[in-house]
Asks: 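I'd like to ask you about the structure that follows.
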Amino acid sequence: MRTLREVPVGETVKVVKLTGEGPVKRRIMDMGITKGVEIYVRKVAPLGDPVEITVRGYELSVRRADAQMIEVE
């Protein structure tokens with residue numbers, strides 16, 4: 001299974017699972033990233049952190065460490 005961190009720019013993926021623990025997982029879910037939601041990868045910063053995504057119609061920047069916890073297909 002690949003993670004959001006590995007998705008190339010311009011691709012749309014679907015969230016399969018969140019692997020974070022406790023408050024970190026809760027924060028990701030509060031941003032609207034939940035199982036089954038589609039995520040479009042808009043941009044990746046020059047050094048790879050953060051990743052800019054579109055989720056539920058709004059734009060969001062996610063740190064690489066957090067993107068690693070989001071499994072997608």
Asks: As a quick check of understanding, evaluate side-chain contact (heavy atoms from CB on, under 4.5 Å) for Glu71 and Leu4, giving each step before the final call.
Replies: CA-CA 6 Å; Glu71 290 186 9; Leu4 184 60; over 6 Å; no
Asks: For residues Val72 and Val15, report the shortest heavy-atom separation together with the two atoms involved.
Replies: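 Closest approach of Val72 to Val15, heavy atoms only: CG1-CA, 4.2 Å.
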Asks: Can you name the residues that form a side chain to side chain contact (heavy atoms under 4.5 Å, CB included) with Val16, not counting sequence neighbours?
Replies: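 Partners of Val16 by the side chain to side chain contact (heavy atoms under 4.5 Å, CB included) criterion, ordered by chain and then number, come out as Met1, Glu73.
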Asks: Go through the steps for Val24 and Asp66 under the test side-chain contact (heavy atoms from CB on, under 4.5 Å), then give the verdict.
Replies: CA-CA 8 Å; Val24 177; Asp66 293 345; 4.0 Å; yes
Asks: Output the distance between atom CZ (Arg56) and atom CD (Glu38), rounded to the nearest 0.5 Å.
Replies: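 Reported value, rounded in 0.5 Å steps: 11.0 Å.
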Asks: Kindly determine whether Thr54 and Ile39 satisfy side-chain contact (heavy atoms from CB on, under 4.5 Å), including the steps that lead there.
Replies: CA-CA 6 Å; Thr54 301; Ile39 296 177; over 6 Å; no
Asks: When you group the ILVMFWY residues by side-chain heavy-atom contacts below 4.5 Å and let the links chain together, are Tyr40 and Ile70 in the same group?
Replies: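 No; tracing contacts between hydrophobic side chains, which count when under 4.5 Å, never links both residues.
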Asks: Between Glu11 and Val41, is a side-chain contact (heavy atoms from CB on, under 4.5 Å) present by the stated rule, with each step listed?
Replies: CA-CA 6 Å; Glu11 194 171 315; Val41 179; 5.5 Å; no
Asks: Less than 4.0 Å between a side-chain N and a carboxylate O, is that true for Asp30 and Arg27?
Replies: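 Result for this pair is no, no salt bridge flagged.
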Asks: Just how far is it from atom CG of Leu18 to atom CE of Met29, taken to the nearest 0.5 Å?
Replies: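 If we round to the nearest 0.5 Å, Leu18:CG and Met29:CE are 6.5 Å apart.
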Asks: Show me the pairs that pass side-chain hydrogen bond (donor to acceptor under 3.5 Å, both in side chains) and involve residues 12-22, at least two apart or across chains.
Replies: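 For residues 12-22, and leaving out neighbouring residues, there are no side-chain hydrogen bond (donor to acceptor under 3.5 Å, both in side chains) pairs at all.
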Asks: Might you point out which heavy atoms bring Arg2 and Pro8 nearest each other, and give the distance in Å?
Replies: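 Between these two residues, the closest heavy atoms are NH1-CD, 4.1 Å.
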Asks: Would you be so kind as to tabulate the donor-acceptor pairs closer than 3.5 Å made by side chains of residues 45-53, with sequence neighbours excluded?
Replies:
unit_1 : atom_1 : unit_2 : atom_2 : d
Asp49  : OD1    : Arg64  : N      : 2.8
Glu52  : OE2    : Arg42  : NH1    : 3.2

